[in-house]
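Structure, as structure tokens:
The basis for the numbers below is simple: all heavy atoms, side chains too, and nothing from hydrogens, waters or symmetry mates.
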Amino acid sequence: MKALFSRHANSAATVVFIGFSLLCLTPFISSPIALILGFTLASLGFVPTQFNLASLTKKLLAYSIVGLGFGIQLDAAIEASMANISLILGSIVFTLILGALLTKVLKLDDKLGHMISAGTAICGGSAIAAVSPAIKANSQQTAIALATVFVLNSMALFLFPALGHLLEMSQYHFGIWSAIAIHDTSSVVGAASAYGDEALTVATTIKLARALWIVPLALISAMIFGGDKRKLNIPLFIIFYCVAIATAHYFPQGEALYQQVFALSKRTLVLCLFFIGAGITIQRMREAGAKPLLLGVLLWLSIGTGSLLYILNLS
């Protein structure tokens, strides 16, 4: 009887979850709302257990970002990346150095502190996933680092668009700021798309230009911590994203199709945020702990405030 009830409950959860998933593909649901919906369903127990949301979200996010490449102009992408190269490199180096110092001050585990710093410096979970095997971090260290970045990412999705409007930032400058100061690509794209199409284009381009630095960071991390340089988990979607931009540039005959792919990719990114919200649990938030979360917040405030002042001075 208990097993039968459990099957019925899971079936109901599946129907509700799929229904809201489809709703997130419509223009009625924004990125922040999708995150809230996902978290609400998780809190109410409406996330079906048979779905591997983490794996599904990772794949869907990669496909979505590649799709966005078809809507980005090559010249604009190069210009935005080169115009902000000093900010990209400066923010990475600054965050890693500050992270190392704060890790010592807080007496935090070195590997854990380095992964949180790497996630803040480059691209959140992707950077942590790349650095973790390179420095031989254990599963607990990796989980706490991911949970810390995950919590701050969720906050950024709501805070950044509101602050951008409060400061009356242009879409171009907001795109730069979100790409530098928000951890994961999913939250960068979510916040930027809520701000406007130009912000989305700029943010995606600069964020993925930063993500290219995962490779040297993972190699350097392996050398510092005596890890294995052969165990590097490099996200291939960055390469395919560049291929998509080049394809749209050199084969303009498919412009109508490219725009449809671009529009669909923006909607599937909202679905990604719904899945991310559905993966948030109180347990995961508790796993972050006080000191790792404090390190994450201090790094986030430093890079967020520093990059904002730099960008506002460009205006």
Side-chain angles (χ1 to χ4, degrees), residues 31-32 61-62 64-69 71-74 76-96 117-128 149 152-165 167 169-214 217 235 237-238 241-242 244-245 262 265-266 269 272-273 299-315:
S31 300
L61 177 62
S64 300
I65 290 172
V66 172
L68 287 180
I72 294 176
Q73 295 182 348
L74 179 61
I78 294 174
E79 182 181 351
S81 298
M82 296 310 297
N84 295 284
I85 190 67
S86 60
L87 180 58
I88 293 171
L89 288 176
S91 63
I92 292 173
V93 173
F94 168 77
T95 304
L96 290 173
S117 301
T120 307
I122 298 185
C123 58
S126 297
I128 293 171
V149 168
L152 298 180
N153 265 319
S154 302
M155 294 170 60
L157 197 61
F158 296 93
L159 288 176
F160 272 68
L163 288 172
H165 287 300
L167 296 170
M169 297 179 74
S170 68
Q171 288 203 29
Y172 178 76
H173 286 133
F174 181 83
I176 298 173
W177 186 42
S178 59
I180 297 295
I182 301 178
H183 308 74
D184 272 343
T185 305
S186 58
S187 291
V188 169
V189 173
S193 62
Y195 209 77
D197 284 344
E198 183 185 353
L200 174 62
T201 299
V202 173
T204 306
T205 300
I206 295 177
K207 187 62 179 178
L208 294 180
R210 289 182 74 200
L212 293 172
W213 291 91
I214 286 178
L217 174 62
F237 71 82
I238 300 171
Y241 169 79
C242 295
I245 295 177
F262 180 71
S265 297
K266 288 198 294 182
L269 278 165
C272 283
L273 290 165
L299 288 176
W300 191 34
L301 288 175
S302 299
I303 191 61
T305 304
S307 59
L308 177 61
L309 292 174
Y310 178 89
I311 291 165
L312 292 179
N313 286 330
L314 293 178
S315 303

Exercise. Does any pair with a residue in residues 178-195 pass salt bridge (Lys or Arg N to Asp or Glu O under 4.0 Å), and if so which ones, sequence neighbours excluded?
Worked result: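 Of all non-adjacent pairs touching residues 178-195, none passes salt bridge (Lys or Arg N to Asp or Glu O under 4.0 Å).
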Problem set entry | Sequence neighbours excluded - salt bridge (Lys or Arg N to Asp or Glu O under 4.0 Å) pairs with any residue from residues 199-209 |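 For residues 199-209: none.
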All side chain to side chain contact (heavy atoms under 4.5 Å, CB included) counterparts of [X], not counting sequence neighbours:
| X | result |
| --- | --- |
| Phe262 | Leu68, Leu200, Gln259, Lys266 |
| Thr305 | Leu309 |
| Leu89 | Ile85, Trp213 |
| Thr95 | Thr120, Ala121, Leu299, Ile303 |

Minimal non-hydrogen separation, [X] against [Y], with atom names:
| X | Y | result |
| --- | --- | --- |
| Ala192 | Ala203 | CB-CB, 3.6 Å |
| Ala118 | Leu217 | CB-CD2, 3.7 Å |
| Trp177 | Gly164 | CZ3-N, 4.4 Å |

Are any of the side-chain heavy atoms of [X] and [Y] separated by less than 4.5 Å?
| X | Y | result |
| --- | --- | --- |
| Leu308 | Leu167 | yes |
| Phe160 | Ser187 | no |
| Tyr310 | Ile180 | no |

For this session: Look up atom CG in Leu163 and atom OG in Ser178, then write down how far apart they are to the nearest 0.5 Å.
Result: 12.0 Å
Problem set entry | Ser91 side, atom OG; Leu96 side, atom CG - distance, nearest 0.5 Å | 9.0 Å
For this session: Output yes when a side-chain donor or acceptor of Gln171 lies under 3.5 Å from a complementary backbone atom of Glu198, and no otherwise.
Result: yes
For this session: Could you tell me whether the side chain of Thr204 and the main chain of Thr201 form a donor-acceptor pair under 3.5 Å?
Result: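 No: the side chain of Thr204 does not pair with the backbone of Thr201.
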Exercise. Only one of Leu87, Val188, Ile88 clears side chain to side chain contact (heavy atoms under 4.5 Å, CB included) with Ile206; which?
Worked result: Ile88
For this session: Sequence neighbours left out, what passes ring pair (Phe, Tyr, Trp, His ring centres under 6.0 Å) with Phe174? Give chain and number order.
Result: Tyr195
For this session: Return the set of residues passing side-chain hydrogen bond (donor to acceptor under 3.5 Å, both in side chains) with Ser265 (not counting sequence neighbours), or none when no residue passes.
Result: none
